[in-house]
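The block underneath contains the structure these notes are about, expressed in structure tokens.
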Amino acid sequence: MADSHLLIDKHVQYIQNLGNSKDDLSYHMTAHLRMNAIYWGLTALCIMGHKEALDREEMIEYVMSCWDDEAGAFGAHPDHDAHILSTLSAIQILVTHDALDRIDVDRVTKFILSLQQPSGVFAGDMWGEIDTRFSYIAVNALSLLGRLSELDVEKTVSYIRQCRNYDGGFGNTAGAESHSGQVFVCVAALAILDRLDEIDQPSLCWWLSERQLPNGGLNGRPEKLEDVCYSFWVLSALSTLGKLSWIDSDKLTKFILSAQDTDRGGIADRPGDEPDVFHIHFGIAGLSLLGYPGLVDLDPVYCMPAPIIEKMGLRKGWKALPRRTLGV
């Protein structure tokens with residue numbers, strides 16, 4: 001059953017309850033996403049104004065328990081191999097809690113830089129899977145660590161350039177089709193590197209605006225279903241490029257709110273499906289960029305609370321819609 005307002009109290013409770021399900025099979029089957037899930041939940045709580053809903057020290061202790069001393073980076077769960085994705089989530093959690101001094105920045109920087117391939121793209125870990133997601137993660141993490149100066153920027157940008165397609169979008173590797181998620185990571189990486197000139201902005205913004213379907217939701221590529229998570233990935237790129245007005249914000253807001261679970265809390269990929277912390281995070285992130293009343297600004301480039309990024313002096317020239325004062 002849909003609701004016309006964001007059910008903040010229920011979403012906070014839903015996120016709090018996620019850590020109490022250790023007896024469920026699903027809890028153990030998602031261990032490979034645990035670090036990411038903590039980042040998603042924490043960031044959603046921050047944007048809703050309830051950062052204190054999860055215990056700070058318990059969170060930091062978990063992050064440090066995932067340290068892979070051999071690699072010099074973080075895994076998703078204790079005893080898991082280090083990966084660039086879980087390493088970024090760990091950094092984001094520690095930055096949010098003003099606890100970056102807990103990690104060995106030199107070793108983490110070395111780990112990240114070791115994953116750059118001769119082509120300029122980054123691998124996710126020692127096993128070598130490549131993706132423009134990992135390039136963005138590397139750029140984001142090095143920026144948060146204050147080590148962006150150690151990156152080979154030209155080589156990094158060169159590979160992203162190779163992934164740009166005729167429609168203005170970007171794929172996960174050179175030659176791959178355009179996808180909203182890959183557009184986000186490529187645009188955000190270029191924004192951090194001050195290289196937005198690499199983008200065919202008119203074509204890309206038109207392609208992104210075409211992602212909105214009649215029901216208000218956004219999809220990842222042509223002929224696909226709508227999904228709440230694209231509310232962030234599409235909006236983040238349009239926000240960074242100053243074109244948020246190219247989306248019907250009222251229809252998208254209603255779509256996101258319609259995917260809420262009004263009984264237990266949480267947001268699903270689309271109305272009627274099971275909610276999860278991934279879609280809570282990206283749904284609320286989208287609502288923040290849409291100017292939904294009562295939410296904290298989210299930085300669309302770093303996908304973190306904007307006040308934290310501004311305090312670090314890292315804000316780029318993105319724009320959200322004006323914060324509304326009345327309910328939707």
Side-chain angles (χ1 to χ4, degrees), residues 14-46 51 53-117 121-131 133-145 147 172 181 185 229 266 274 276-282 302-304:
Y14 179 92
I15 293 170
Q16 288 176 318
N17 288 336
L18 289 172
N20 299 326
S21 57
K22 295 182 177 64
D23 292 332
D24 294 347
L25 178 61
S26 61
Y27 179 89
H28 299 282
M29 290 183 68
T30 55
H32 64 292
L33 294 172
R34 188 77 67 242
M35 187 75 80
N36 312 129
I38 294 172
Y39 152 69
W40 294 328
L42 173 61
T43 305
L45 289 171
C46 289
K51 180 180 177 180
L54 295 178
D55 184 85
R56 177 182 184 272
E57 286 305 317
E58 186 178 339
M59 214 176 302
I60 294 172
E61 182 180 340
Y62 179 82
V63 169
M64 298 313 300
S65 74
C66 297
W67 176 255
D68 179 346
D69 195 55
E70 183 177 349
F74 293 91
H77 193 270
D79 300 321
H80 282 217
D81 291 338
H83 194 282
I84 199 170
L85 177 55
S86 48
T87 296
L88 174 61
S89 291
I91 292 169
Q92 290 171 313
I93 294 165
L94 295 175
V95 166
T96 300
H97 281 307
D98 195 22
L100 201 56
D101 60 342
R102 300 287 188 99
I103 68 172
D104 186 332
V105 172
D106 289 338
R107 291 198 67 195
V108 174
T109 300
K110 182 179 179 181
F111 169 80
I112 294 170
L113 293 175
S114 74
L115 296 173
Q116 188 164 31
Q117 308 300 299
V121 72
F122 277 77
D125 57 19
M126 62 180 291
W127 308 110
E129 179 191 6
I130 61 169
D131 193 313
R133 287 182 303 147
F134 305 145
S135 295
Y136 163 69
I137 288 168
V139 170
N140 185 334
L142 291 171
S143 179
L144 292 175
L145 293 174
R147 297 297 185 87
N172 66 335
V185 296
C229 65
E274 281 292 309
D276 57 69
V277 68
F278 176 86
H279 288 94
I280 290 178
H281 168 69
F282 287 112
Y302 290 87
C303 199
M304 291 177 64

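For reference, positions follow the sequence shown, starting with 1.
Between the Gln92 side chain and the Tyr302 main chain, a donor and an acceptor come within less than 3.5 Å of each other. Ser89 places no side-chain N or O within 3.5 Å of a backbone atom of Ser86 that could act as its donor or acceptor partner. No donor-acceptor distance shorter than 3.5 angstrom exists from the side chain of Thr43 to the backbone of Met304, with no hydrogens or angles considered. Judged by distance alone, the side chain of Arg107 and the main-chain N or O of Asp69 form a donor-acceptor pair under 3.5 Å.
The nearest pair of heavy atoms linking Leu115 to Gly124 is CD1-O, 3.8 Å. Closest of all the heavy-atom pairs between Tyr136 and Cys303 is OH-N, 4.5 Å. Of all heavy-atom pairs between Tyr14 and Asp276, the closest is OH-CA, 3.4 Å. Contact between Cys46 and Thr96 at its shortest, heavy atoms only, is SG-CG2, 3.8 Å. The minimum heavy-atom distance between Ile84 and Ala123, with the atom names listed, is CG2-O, 4.1 Å. What you find for Ala141 and Ile112 is that their closest heavy atoms are CB-CD1, 3.7 Å.
Within 6.0 Å of the NZ atom in Lys110, the count of heavy atoms belonging to other residues, nucleotides or ligands does not exceed 12. In the displayed structure, Asp101 atom CG is contacted under 6.0 Å by more than 12 heavy atoms of other residues, nucleotides or ligands. Enclosure of atom CD in Glu61 is not indicated, since only 12 or fewer non-hydrogen atoms of other residues, nucleotides or ligands lie within 6.0 angstrom.
Relative orientation of the Phe282 and Phe278 rings is perpendicular, given thresholds of 30° and 60° on the angle between their planes.
In this structure, the separation between CZ on Arg102 and CD1 on Ile60 is 4.5 Å, given to the nearest 0.5 Å. Atom-to-atom distance recorded for Asn140:CG and Ser135:OG is 12.5 Å, nearest 0.5 angstrom.
In this structure the side chain of His83 reaches within 4.5 angstrom of the side chain of Phe134, judged on heavy atoms. Residues Glu57 and His97 form no side-chain contact, since every pair of their non-hydrogen atoms from C-beta on lies 4.5 Å or further apart. Counting heavy atoms from C-beta on, the side chains of Met64 and Ile103 come closer than 4.5 Å. Using a 4.5 Å heavy-atom threshold, the side chains of Leu142 and Leu113 count as touching. Val139 is not listed as a side-chain neighbour of Phe122, based on a closest heavy-atom distance of 4.5 Å or more. Side chains of Phe74 and Val63 form a contact here, defined as non-hydrogen atoms less than 4.5 Å apart. Side chains of Tyr62 and His77 form a contact here, defined as non-hydrogen atoms less than 4.5 Å apart.
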How far apart are the C-alpha atoms of Leu45 and Gln16, what are their side-chain angles, what is the distance that settles it, and do they pass the side-chain contact (heavy atoms from CB on, under 4.5 Å) test?
-> CA-CA 10 Å; Leu45 289 171; Gln16 288 176 318; 5.8 Å; no
Should Leu145 and Leu100 be marked as a side-chain contact (heavy atoms from CB on, under 4.5 Å) after you check the CA-CA gap, both sets of side-chain angles, and the distance that decides it?
-> CA-CA 8 Å; Leu145 293 174; Leu100 201 56; 4.1 Å; yes
Residue pair Val108, Ile91: steps toward the side-chain contact (heavy atoms from CB on, under 4.5 Å) verdict = CA-CA 10 Å; Val108 174; Ile91 292 169; 4.1 Å; yes
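Each of Leu88, Ile93, Leu85 was scored for a side chain to side chain contact (heavy atoms under 4.5 Å, CB included) with Tyr39, with one residue passing: Ile93.
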